[in-house]
Amino acid sequence: MQTTDVFLADEAEMVQFGASLVSGLNGRRWQDELVFLSGDLGAGKTTLVRGFVQGLGHRGAVKSPTYTLVEPYTFDAVTVYHFDFYRIKDPRELSYMGIDELMQESAVKLVEWPEQAGNKLPPPDIDCRIVVEGTGRRITIEDRRG
């Protein structure tokens, strides 16, 4: 397991960091990873996702799928699913949206608020924690892919 720890001063740096992740994490390209994004409300999880999908070439809006639960982005080389489980009160709700099937698809799965899913998700390949530090953010990424 490799750990990366980065301090980002503002939103622009968060977007840039998200975009930089597209070129690989610890020398490995993105393929079929499950990524947990943890942090307080307003910490920058969606901002990081915005940078990531923009780094893949997305030019439209990127908003948190708080009400729709999932927003797909399809690119030539990869599909990205952006999940937001903030409003999930009972993890069994995820079964109704077909979470098991979505987790088995070949895609990068970025999950905000994974703790709301209880035991409905497999362990993450990458665990990203964002903590507010003053006006900036500290990101700690654990790459568990070995």
Side-chain angles (χ1 to χ4, degrees), residues 1-91 93-94 97 99 102-146:
M1 178 170 60
Q2 288 190 327
T3 302
T4 303
D5 188 73
V6 178
F7 178 79
L8 304 170
D10 56 27
E11 181 178 348
E13 285 189 12
M14 179 72 80
V15 171
Q16 183 178 24
F17 181 74
S20 75
L21 291 176
V22 170
S23 64
L25 183 63
N26 298 321
R28 294 179 65 179
R29 303 285 293 166
W30 297 86
Q31 299 175 56
D32 189 25
E33 283 82 16
L34 175 59
V35 181
F36 284 2
L37 301 167
S38 302
D40 290 338
L41 196 61
K45 297 176 293 295
T46 299
T47 303
L48 181 69
V49 172
R50 180 174 8 120
F52 186 80
V53 297
Q54 287 176 349
L56 287 166
H58 180 74
R59 295 296 168 241
V62 176
K63 57 186 180 355
S64 184
T66 303
Y67 293 100
T68 59
L69 299 182
V70 62
E71 185 68 37
Y73 300 91
T74 303
F75 304 96
D76 290 338
V78 67
T79 296
V80 175
Y81 288 120
H82 177 201
F83 296 93
D84 184 331
F85 296 151
Y86 179 72
R87 296 200 176 275
I88 296 295
K89 300 300 177 213
D90 183 338
E93 294 175 48
L94 297 175
M97 70 173 281
I99 195 67
L102 287 169
M103 285 297 128
Q104 292 176 19
E105 285 195 29
S106 180
V108 175
K109 295 160 281 273
L110 307 172
V111 181
E112 294 188 42
W113 302 98
E115 63 275 11
Q116 298 297 101
N119 64 354
K120 294 291 183 186
L121 299 176
D125 300 299
I126 298 167
D127 193 4
C128 178
R129 290 179 308 281
I130 304 172
V131 177
V132 176
E133 282 190 12
T135 58
R137 306 293 188 264
R138 177 157 311 277
I139 299 178
T140 303
I141 299 175
E142 291 180 2
D143 186 345
R144 300 174 179 186
R145 297 175 293 178

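- Atoms CG and CG, on L121 and L94 in that order, are 6.5 Å from each other to the nearest 0.5 Å.
- F7 approaches E13 most closely through the heavy-atom pair O-OE1, 4.2 Å.
- When side chains are defined from C-beta on, V70 does not count as touching P65, because their heavy atoms never get closer than 4.5 Å.
- Rounding to the nearest 0.5 angstrom, the gap separating the CG atom in L56 from the CZ atom in F75 is 4.5 Å.
- In terms of heavy atoms, S38 sits closest to D127 at OG-OD1, 4.3 Å.
- Between the CD1 atom of I139 and the CG atom of L37 there is a distance of 9.0 Å, given to the nearest 0.5 Å.
- Expressed to the nearest 0.5 Å, how far CD of Q2 lies from CZ of R145 amounts to 9.0 Å.
- Taking both residues in full, the closest heavy atoms of R137 and T135 are given as NH1-O, 3.7 Å, listed atom of the first, atom of the second, then distance.
- Shortest non-hydrogen contact noted between A19 and G55 is CB-CA, 4.0 Å.
- Here the CD atom belonging to Q16 is positioned 12.0 Å from the CD atom belonging to Q54, to the nearest 0.5 angstrom.
- Using modelled atom types, one side-chain atom of Q116 and one backbone atom of I88 make a donor-acceptor pair closer than 3.5 Å.
- Closest non-hydrogen pair, L48 versus C128, comes out as CD2-SG, 3.8 Å.
- Side-chain atoms of D143 do not come within 3.5 Å of backbone N or O of I126 as any donor-acceptor pair.
- For residues 105-114, the set of pairs meeting the side chain to side chain donor-acceptor pair (under 3.5 Å) definition, not counting sequence neighbours, comprises D32-K109, T46-E112, Y81-E105, H82-E112.
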Does the pair F52 and V62 meet the rule for a side chain to side chain contact (heavy atoms under 4.5 Å, CB included), with working shown? CA-CA 10 Å; F52 186 80; V62 176; over 6 Å; no
Would V15 and T47 count as a side chain to side chain contact (heavy atoms under 4.5 Å, CB included) here? Give the steps. CA-CA 6 Å; V15 171; T47 303; 3.5 Å; yes
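- When the shell of 6.0 Å around CD of E115 is examined, it contains more than 12 heavy atoms from other residues, nucleotides or ligands.
- If you take OG1 on T3 and CD1 on I141, they are separated by 10.0 Å, rounding to the nearest 0.5 Å.
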Check the pair M97 / L102 against side chain to side chain contact (heavy atoms under 4.5 Å, CB included), numbers first and verdict last. CA-CA 9 Å; M97 70 173 281; L102 287 169; 3.8 Å; yes
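- Between the K45 side chain and the I130 main chain, no donor and acceptor come within less than 3.5 Å of each other.
- Between R87 and T66, the shortest heavy-atom distance links the atoms NE-CG2, 3.3 Å.
- Residues satisfying the side-chain contact (heavy atoms from CB on, under 4.5 Å) test with A12, not counting sequence neighbours, are D10.
- For CG of D40, the number of neighbouring non-hydrogen atoms (other residues, nucleotides, ligands) closer than 6.0 Å is 12 at most.
- Listed by chain and residue number, F83 satisfy the ring-ring contact (aromatic ring centres under 6.0 Å, His included) test with F85 (two or more places apart in sequence, or in another chain).
- Salt-bridge formation is detected for the pair E11/R50: a Lys NZ or Arg NE/NH1/NH2 atom is positioned less than 4.0 Å from an Asp or Glu carboxylate oxygen.
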